[in-house]
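Inspection log for the structure reproduced underneath, given as structure tokens.
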Number of protein chains: 2
Amino acid sequence: MDERQAIGAFGALSQETRLQIIRMLVVAGPEGMAAGSIAEKLDVSASNLSFHLKELDRAGLVGQQREARSIIYTVNYDTLSGLVRFLMEDCCSGHPEVCLPVTAAAACRPRAKDDPQ
Amino acid sequence: MDERQAIGAFGALSQETRLQIIRMLVVAGPEGMAAGSIAEKLDVSASNLSFHLKELDRAGLVGQQREARSIIYTVNYDTLSGLVRFLMEDCCSGHPEVCLPVTAAAACRPRAKDDPQ
DNA sequence: TCAACGTTTCAAGGATTATTGAAATATGGA
DNA sequence: TCCATATTTCAATAATCCTTGAAACGTTGA
């Protein structure tokens, strides 16, 4: 992931509806969700949702696939983890001590119910 | 870091000049850099730089401190690593397999000269 | 073929964000 | 005190982004 892509991804995630879409799709996993289900859960209009999905698509954060009348959206884990990596390299570059707590504390485990935010 | 803060931080990083400021400040470390030096290196006007520094400050990504006539800016590592953690928890939540490569590949080491991007 | 469904596209307007240059503020030295 | 330096603030404009509703598109089943 280069700087240009990272800027696009940061921009895509810097909007409430879009961040919520990504959060939902991460939870939904590889099965994804139909645009209509997302719109319903987030209580946004179809056209507004479509606008935001297109933004996420432009940033490479989601993929889509038609299934009958619905269009199923899935999160693109590669882009998401590419972004984490970009941020960590920027964050750690020359200053490893800063990110070590991140890997130690948050390192890739499912979040537990009693996990403090 | 809650969602609102994360959105603010993503927004702050989604602009070329601001991302470059953060990158520079990360490299500069705890010593930080004077606003003037940043402006000179990035070739932006003083007032434009000031605008972007204020945005970064609002997002909690930088701190400042006057030193004689200069104002020294430093990156706020806590916010930066908080953001990484937010992203990883969203990214990994329920899907640990996705982020493991990140921790394995990028985990907090200084970037080597021959390190492929 | 037709109608209903799920979704996207389009155009318009409002809201937010970025850039610019001039003026204001704070500091330090002569 | 006065001047130069370093930076911020302000107002105006330009650019970008978000929302809305209407219309268009593709798909399915009758």
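Listed pair Tyr73(A) / dT8(C) meets the phosphate criterion, a side-chain N or O lying under 4.0 Å from OP1 or OP2. Listed pair His52(A) / dC17(D) fails the phosphate criterion, with no side-chain N or O lying under 4.0 Å from OP1 or OP2. Distances shown here put a side-chain N or O of Arg18(B) below 4.0 Å from the OP1 or OP2 atom of dA18(C). When the side-chain nitrogen and oxygen atoms of Arg69(A) are compared with OP1 and OP2 of dG29(D), none of them lie within a distance under 4.0 Å.
Rounded to a whole Å, the CD atom of Glu55(A) is 14 Å from the C1' atom of dT9(C). Whole-Å rounding puts the Leu53(B) CG to dA6(D) P distance at 16 Å. Separating the CG atom of Leu49(A) from the P atom of dT20(D) is a distance of 13 Å, rounded to the nearest angstrom. Atom P of nucleotide dA24(C) and atom CD1 of Ile71(B) are separated by 19 Å, given to the nearest angstrom. The distance between atom CD of Glu67(B) and atom P of dT7(D), rounded to the nearest whole Å, is 11 Å. In this entry the distance linking CD of Glu40(A) with P of dG6(C) reads 10 Å, nearest Å. Atom CD in Gln65(A) sits about 18 Å away from atom P in dG6(C), given to the nearest Å. A straight line from CD1 of Ile7(B) to C1' of dT16(C) spans 15 Å, rounded to a whole angstrom.
Counting only residues at least two apart or in different chains, side chain to side chain donor-acceptor pair (under 3.5 Å) contacts with residues 25-50 of chain A comprise Asn48(A)-His52(A).
Two end axes, each from the C1' atoms of five base pairs, can be drawn for the helix from dT1(C)-dA30(D) to dA30(C)-dT1(D); they diverge by 20°, to 10 degrees.
With respect to the salt-bridge test (charged N to carboxylate O, under 4.0 angstrom), the residues Arg4(A) and Glu16(B) do not qualify.
When the side chains of ILVMFWY residues are joined at heavy-atom separations under 4.5 Å, either directly or via intervening members, Ile72(A) and Val75(A) end up in two distinct hydrophobic clusters. Follow the hydrophobic side-chain contacts under 4.5 Å out from Ile71(B) and you never reach Phe51(B); the two are in separate clusters.
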Write out a two-atom table: protein N or O, nucleotide N or O from nucleotides 9-15 of chain D, distance below 3.5 Å.
none

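Separating the OG1 atom in Thr74(A) from the CG atom in Leu61(A) is a distance of 11.5 Å, to the nearest 0.5 Å. For the atom pair CG (Leu56(B)) and CD1 (Ile21(B)), the distance works out to 5.5 Å, reported to the nearest 0.5 Å.
With hydrogens and angles ignored, the 3.5 Å screen pairs no side-chain donor or acceptor of Arg18(B) with any backbone N or O of Leu13(B). Side-chain N or O atoms of Arg66(A) include one that pairs as donor or acceptor with a backbone N or O of Ala68(A) at under 3.5 Å. A donor-acceptor pair under 3.5 Å links the side-chain atoms of Asn76(A) to the main chain of Gly60(A), judged by distance alone.
At a threshold of 4.0 angstrom between heavy atoms, the contacts of Ala39(A) with the nucleic acid are absent.
Side-chain atoms of Gln15(B) lie closest to dA18(C) of the nucleotides dA18(C), dT7(D), dT19(D).
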